[in-house]
Number of protein chains: 2
Amino acid sequence: MREDTRARIQQIALRLFTEQGYEATSLREIAEELGVTKAALYYHFKTKDDIVASLVDLRVAELEELVEWARSRPKTAEMRRELLERYADRLKESRYLEITRFMERNQTAMRDHPKLSKMRETMLTLSREMSPQDATPAERISHSLALFALHAGKWLTVQGDLTEEEIDKATREVALRLLEF
Amino acid sequence: MREDTRARIQQIALRLFTEQGYEATSLREIAEELGVTKAALYYHFKTKDDIVASLVDLRVAELEELVEWARSRPKTAEMRRELLERYADRLKESRYLEITRFMERNQTAMRDHPKLSKMRETMLTLSREMSPQDATPAERISHSLALFALHAGKWLTVQGDLTEEEIDKATREVALRLLEF
DNA sequence: GTCTATATTCGGATAGAC
DNA sequence: GTCTATCCGAATATAGAC
């Protein structure tokens, strides 16, 4: 039972921020779900903003791992395909997907959050690893879109009667094609 | 000078909602920029939500136009390429792009807005027009992604030293490739 | 670490005069 | 159509006891 309260706050906050939005979620709600009072949260996080900052940190760390991995490898087409697959695998992990969704859905709330520029920078670094040095602009864009395509796949659940597995498989296929361009 | 106040409210609200977020923008701010008081806004819109609803209506109307156009045409590959180009052209018009960005960035705020389901429905209809009847799941996803790719292109402005024109041209190229799949 | 207050600020919205 | 004035609720945050 009773693990790290800090981690439980993060977990509940992440869920509520993603479902309802950052601004629409009050500390009262988070506290209620946790079974404590608002004041208790302030022991663990100085401000509401601090909670969100801690969540962004988690994502940056994961992106940086991917960048590290890419850099430890020769810059070949094979490496890039594997990088793409690894990115797709991460997106399947629920915590990572949740944080990603949270960020996609709360762009304006995060607008001038200092952590966000850090994140963009890391994402840019990652997308640079997706192209060889001599790639043309169109190729670079296509390769970056390969990453976006994986995200987009997660939005397409509405798309007819396809199962999640089918969509995942198909988006990976499309993403690989974008990488080949 | 002094045109329709209603339209000016929409215009200012759209800008602020997009820049700062829906919840983070107060009626006071909108009123101040317009040079009137909060109370004056209530003459033109019953609630804050009404303002946003009127903006979504604008986008749905534009999407419906595209659907209408597609339906008035034979279902050929050529028609789909042109539909894609028309969609890209719309995204270049500032008002349309702004509304699109507003919606992308305020997904949670719009979460259970009745207008939103209408919009999703229209978007789904449009993406169905992008594929022939006998398309496989992977093909359908690729064709839908062609639309998303155009949106994604708008996020990539950061991407190095490319001009907006170059990015626009390259994303269209990539989108067309996704359509060919 | 968590509680019970409580301070403070600001939001959306309405009433009624002009 | 726009104003002044005001209501009401809710949110973040703090102080200080246990």
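In what follows, chains are A, B, ... by sequence order, proteins preceding strands, each numbered from 1.
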Check your understanding: To the nearest angstrom, how far is Ile30(B) atom CD1 from dT2(D) atom P?
Key -> 15 Å

Exercise for review: Round to the nearest Å and state the distance from Lys38(A) atom NZ to dA7(C) atom C1'.
Suggested key: 11 Å

Study note, to complete from the structure: With Glu129(A) as partner, the option from Arg80(A), Arg73(A), Arg71(A) fulfilling salt bridge (Lys or Arg N to Asp or Glu O under 4.0 Å) is Arg71(A)

Review point. Would Trp155(A) end up clustered with Met110(B) when hydrophobic side chains under 4.5 Å apart are linked, directly or stepwise?
Key: no

Check your understanding: For Tyr22(A) and dA11(D), what is the distance between atoms OH and P respectively, to the nearest whole Å?
Key -> 14 Å

Practice item. Give the rounded distance in Å between these two atoms: CZ of Arg6(A) and P of dG1(C). Key: 12 Å

Review point. Rounding to a whole Å, what distance do you find between Tyr43(A):OH and dA17(D):P?
Key: 18 Å

Exercise for review: Please determine if a side-chain N or O atom of Thr37(B) lies less than 4.0 Å away from the OP1 or OP2 oxygen of dG1(D).
Suggested key: no

Check your understanding: Has Arg28(B) got a side-chain N or O lying under 4.0 Å from the OP1 or OP2 atom of dG11(C)?
Key -> yes

Practice item. Using atom CD1 of Ile9(A) as one end and atom P of dG1(C) as the other, report the distance to the nearest whole Å. Key: 11 Å

Review point. dA7(C) C1' sits how many Å from Tyr42(A) OH, rounded?
Key: 13 Å

Practice item. Could you please name the option among dT2(C), dC3(D), dG12(C) that lies closest to any side-chain atom of Ala40(A)? Key: dT2(C)

Review point. Can you check the Phe45(B) CZ to dG1(D) C1' distance for me, whole Å?
Key: 14 Å

Practice item. Look at the side-chain heavy atoms of Ile, Leu, Val, Met, Phe, Trp and Tyr, link any pair under 4.5 Å apart, and say whether Leu97(A) and Leu84(A) land in one connected group. Key: yes

Practice item. Assign each of Lys46(A) and Ala24(A) to its nearest nucleotide of DNA chain D by heavy atoms, then name whichever residue's nucleotide is nearer the 5' end. Key: Ala24(A)

Check your understanding: Among dA13(C), dT14(C), dG1(C), which nucleotide sits nearest the side chain of His44(A)?
Key -> dG1(C)

Check your understanding: Is any side-chain heavy atom of Glu85(A) less than 4.5 Å from a side-chain heavy atom of Arg81(A)?
Key -> no

**Study point:** Nearest-neighbour nucleotide for the Thr5(A) side chain, dC3(D), dT2(C), dG11(C) considered
**Key:** dT2(C)

Exercise for review: Given side chain to side chain contact (heavy atoms under 4.5 Å, CB included), test Glu29(A) with Gln20(A) step by step and report yes or no.
Suggested key: CA-CA 11 Å; Glu29(A) 278 179 288; Gln20(A) 316 179 338; 3.1 Å; yes

